> 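There's a structure below that I have some questions on.
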8 protein chains.
Amino acid sequence: MKGWSTMKVAVIMGSISDLEIVRKAVDVFKFFGVEYEIRILSAHRTPDEVTEYVSGARDSGVDVIIGAAGKAAHLPGVIASKTVIPVIGLPIESSFMGGLDSLLSIVRMPAGIAVATVGTNASENAALLAVQMLSLRDGRLADRMVEYRDNQRRMVLKNNEFIDL
Amino acid sequence: MKGWSTMKVAVIMGSISDLEIVRKAVDVFKFFGVEYEIRILSAHRTPDEVTEYVSGARDSGVDVIIGAAGKAAHLPGVIASKTVIPVIGLPIESSFMGGLDSLLSIVRMPAGIAVATVGTNASENAALLAVQMLSLRDGRLADRMVEYRDNQRRMVLKNNEFIDL
Amino acid sequence: MKGWSTMKVAVIMGSISDLEIVRKAVDVFKFFGVEYEIRILSAHRTPDEVTEYVSGARDSGVDVIIGAAGKAAHLPGVIASKTVIPVIGLPIESSFMGGLDSLLSIVRMPAGIAVATVGTNASENAALLAVQMLSLRDGRLADRMVEYRDNQRRMVLKNNEFIDL
Amino acid sequence: MKGWSTMKVAVIMGSISDLEIVRKAVDVFKFFGVEYEIRILSAHRTPDEVTEYVSGARDSGVDVIIGAAGKAAHLPGVIASKTVIPVIGLPIESSFMGGLDSLLSIVRMPAGIAVATVGTNASENAALLAVQMLSLRDGRLADRMVEYRDNQRRMVLKNNEFIDL
Amino acid sequence: MKGWSTMKVAVIMGSISDLEIVRKAVDVFKFFGVEYEIRILSAHRTPDEVTEYVSGARDSGVDVIIGAAGKAAHLPGVIASKTVIPVIGLPIESSFMGGLDSLLSIVRMPAGIAVATVGTNASENAALLAVQMLSLRDGRLADRMVEYRDNQRRMVLKNNEFIDL
Amino acid sequence: MKGWSTMKVAVIMGSISDLEIVRKAVDVFKFFGVEYEIRILSAHRTPDEVTEYVSGARDSGVDVIIGAAGKAAHLPGVIASKTVIPVIGLPIESSFMGGLDSLLSIVRMPAGIAVATVGTNASENAALLAVQMLSLRDGRLADRMVEYRDNQRRMVLKNNEFIDL
Amino acid sequence: MKGWSTMKVAVIMGSISDLEIVRKAVDVFKFFGVEYEIRILSAHRTPDEVTEYVSGARDSGVDVIIGAAGKAAHLPGVIASKTVIPVIGLPIESSFMGGLDSLLSIVRMPAGIAVATVGTNASENAALLAVQMLSLRDGRLADRMVEYRDNQRRMVLKNNEFIDL
Amino acid sequence: MKGWSTMKVAVIMGSISDLEIVRKAVDVFKFFGVEYEIRILSAHRTPDEVTEYVSGARDSGVDVIIGAAGKAAHLPGVIASKTVIPVIGLPIESSFMGGLDSLLSIVRMPAGIAVATVGTNASENAALLAVQMLSLRDGRLADRMVEYRDNQRRMVLKNNEFIDL
């Protein structure tokens, strides 16, 4: 989807079952008017397509890549090994210790290749982090982020009206 | 320290005992010519100073903040709650389950406030991630990252000469 | 709510979703006639309001603060960093290893700033602990606690009548 | 040891091997002028002596009890079951998952009997928490705590002079 | 319940909510004709009653005690500290890491006081273990155990008839 | 079931409750035309039958054995101790930390006796691994595996058509 | 070694590296005058010898068996599957999560075959538990256990003289 | 190194620091006369070289590949995604929960791409497993494995002579 910003975020997920989790990231991109594109590509089942997509990402105008994967979640690390674009790793919750497998497979990268990891299923934060990165180039996104923050601040405070204890 | 880049990274650590871990981040900044400043500020023991420093960071030219902390590592989250600048969380290894406490206290942020988490003690990666973020504004940093990657690639391959099995 | 005691407990929760858990704490305060007030304030989404509330707590007659939060549960620690009033941390169970994230984020505080931690979702115990603290000033609360204990002792023993094995 | 305060903290540890950990708690009591007494009593090896000591504690002027224990650390819970005085649980680090056994054995108390848990080996915080509880009766301790906090705040800030990066 | 054997097993559970788990132990006692008695007694909410019951157990003919408890499961250890009768600890599954809290609180006893631990919710095995202990005095129980084993062996083998793959 | 290949895989599961998990392995064998046989045999409840079956496996034409078991999952290790045929261990997910017990009981074999472990409930992968081993003797299976991989590659890519974000 | 008791405990350890751990069990047997025999037999490397030894144990006068093993610690379970004699499992601490692998491999036995598990490296308790079992036949051992308990009670109390805080 | 067998195993390790661990695998290959080749190649720092090596492996006569890696150990999975040759994953112990990160990153592969995982640092077993796979083509290796097993069986039994308890 095109946004008013000239920058673009790519979201690659390892499986179509991650789609619902990713949806909240898309809501963020829409709020900020950030262009995005979504791909389902598996590090293990479609390694060549991952390589091909990531290698061409910079040239096709992608500024940040979010990789979403679960279990032995190699996707974000594999993406990061093939590009110098910043990569955000989004661990998908598994049935194993609340997704500790997904988290560790993403966050424990060796020295030299970094992945910016967020919490399991934290797609809203993955998207916000992408926007914060983009705001380094486009200051209007930082201003919009102040607004986003203010909205959620007011929502929290508003909830105090509903306490019935 | 001043770098040739016009951008600046702030590194805040919760305790002077984290200094040795942070040193490798500084080496990265020097390689890339990125300006940095270091502070020891504790989220719990100096909360006002953290607030004061972070609130003024954007105006004093800080583009990315790295927060390093261990155990109940609130520092990166507290920083992130006070600025829209991207915040990188660097968990410091503790004596508790290899630093799982530090990692979870940083990576499990609630929806709405993101922290880009790297592995425990992974200060080199925290710095590389900061540089990748900065490269969104200054493309020369991306080119330099390609060089950095090539160096480490050659170092790995060079090691094949020393196999004596 | 006003109680016959002249002392007051404040309960701050990070999210309105914690309300059901907190309800059992309120039952305890009512039994003991302890005044309480409830707030929804997030360490990350409303940091200024947390600071403001906690800074003024002692002057507005608050004697003990309970902070309830889940995941990267910074709230109790952030509260404790801003007041010398005793702070009780109530970790809210998350989907991650039974709330190990919430527990560690609260209990692993650095030396110098203490948080009295109870078990995940253990709001009854958080409230009982607050009452025990208050009983240091008002001995009648200790006497009432003996009564509370006796009630639960009899309930346990009563259950022996229902064994049908 | 007698302090200028008229209140007293008892520290019970399960084994003489915990003595070094407890030493830091004693330093805190000395700073605050709080009277304390130390006992080595095991919940499992001297159950009768634990019962006897705890049952008489209130009458002999004890206001708060700290129980320090490791592994299947039943001591704080056993103490709490025999008195309405507030009980602080200090888990001692074991060789098992950084003391997760000690922590869970203390913090996961059933509804009805509360233990105020601090981090593994966090004896300084156990003592500070005891002082904060006592300050509910003696406001001078709260003032002294402000001073204590100010000291550690200055020590953290002072460390900024030693950064050599 | 009276059995043909002259020996008796006591089952103490910390809460009436453990009753369904304990039921399978009773089935075992009935199969082996072993006398048993069941009590609901909490280490924390009825400590005096636990002491009283356990102290008198040997005189009232109890040969083995099973203690069932969850979370900070002190019951089996508390029982073991008050008697030289063999004590079997039955951890009840909690919502925390599959009952790791219950398991560690029971199995990590200090040197000197032993508890024979079985798996979480493994009440059948707790009862079988009790019977095996009793068989040291009454060899007929060992013979009956051979029969029990043979039954389950045949049940496993019988299942091969139902494979439809 | 007979396949066109002259090789055979045996699947031994510890309990009939594992049958649904094993079903996906059978689908794989059918795709590859690999002969298989299924047994329910418990390392603990039918130890003699396990020994007997495994000792005779090589002579009856079994080339690879898959052992599926949960909790204290000794079955694959016990099988491996009785044969030099390659053994694949399939941990069955339990209610304990997502099956960490099953996984560790299988993968942490002592030096000298190897078990090829796959993820919990990963019966498809257990079967694929068996086929890959067999392909060392029958190259046609390797060619068929290329085809299998290509199928799943196309399924992943096909899913991109269903993205509605 | 012969003891004055007519009963015998067998200790089987999986590796000679467990010998130092087992030594404390032997001290217990000597104190109680209980006959014992020690074997090094591996469930995986010497399965036939384990079967042979355990099958003959009852006839050669063995009343209780302790199985000591680490990592994928199958030994106690394998022993228990071959005899109705009570089996005590002694997990040996490994480098993996403080021996959680050893503990789970022993304590998570399936319904039907019980192992009485003690803590990692808790050989003193394994031996005390064996003695408690034997005392069901020989009451003098129970009397001696009272004495043993009294010794350790006095040692704990004696330590109070050495507190220098 | 050339062996008398016509088959070949490739060992790829992610870092030269894994060399000592791998050494025991080489000892196994020498015992069995199996040809092997060793490479240091990182999934993240040299992704192209990994792809190139693995893609050509089958043609250059490699029959089995062992991938050794630690932390976010993607190497074995990345290898497996590029070849149908059986891949053995050898997790290298890290400072994090005994290498749970390495283990989970390897063993939790998604359905469709299998990795045969052994325990952390279990290089001897990785090599034995490779030999067992090769023995499916060359029966002489199976016979040699019987001999290898017999050697270790005798070593275990021999140790019984050194018991001094």
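Remember, it's a predicted structure, so these values are computed and weren't measured experimentally. Naming convention: chains lettered A, B, ... in sequence-line order (proteins, then strands); numbering from 1 in each chain.
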> To the nearest 0.5 angstrom, please state how far the CG atom of N160(A) sits from the CE atom of M13(C).
8.0 Å
> Do V156(A) and I40(C) make a side-chain contact, defined as non-hydrogen atoms from C-beta onward lying under 4.5 Å apart?
yes
> Just verifying a value: how many Å separate E20(C) CD and L165(A) CG, rounded to the nearest 0.5 Å?
7.5 Å
> When you compare the side chain of L41(C) with that of L157(A), does any pair of heavy atoms fall below 4.5 Å?
yes
> To the nearest 0.5 Å, what is the distance between OG on S42(C) and CD on Q152(A)?
8.0 Å
> Within the supplied structure, the quantity of interest is the number of heavy atoms (other residues, nucleotides, ligands) at a distance under 6.0 Å from E52(A) CD; does it exceed 12?
no
> With rounding to the nearest 0.5 angstrom, report the CD1 to CD distance, I16(C) to E161(A).
10.0 Å
> Report yes if some heavy atom in the side chain of R45(C) is under 4.5 Å from a heavy atom in the side chain of R149(A); otherwise report no.
no
> So do the side chains of F96(C) and L100(A) get within less than 4.5 Å of each other, counting heavy atoms only?
yes
> May I ask you to say whether D164(A) pairs ionically with R23(C), meaning some side-chain N is under 4.0 Å from a carboxylate O?
yes
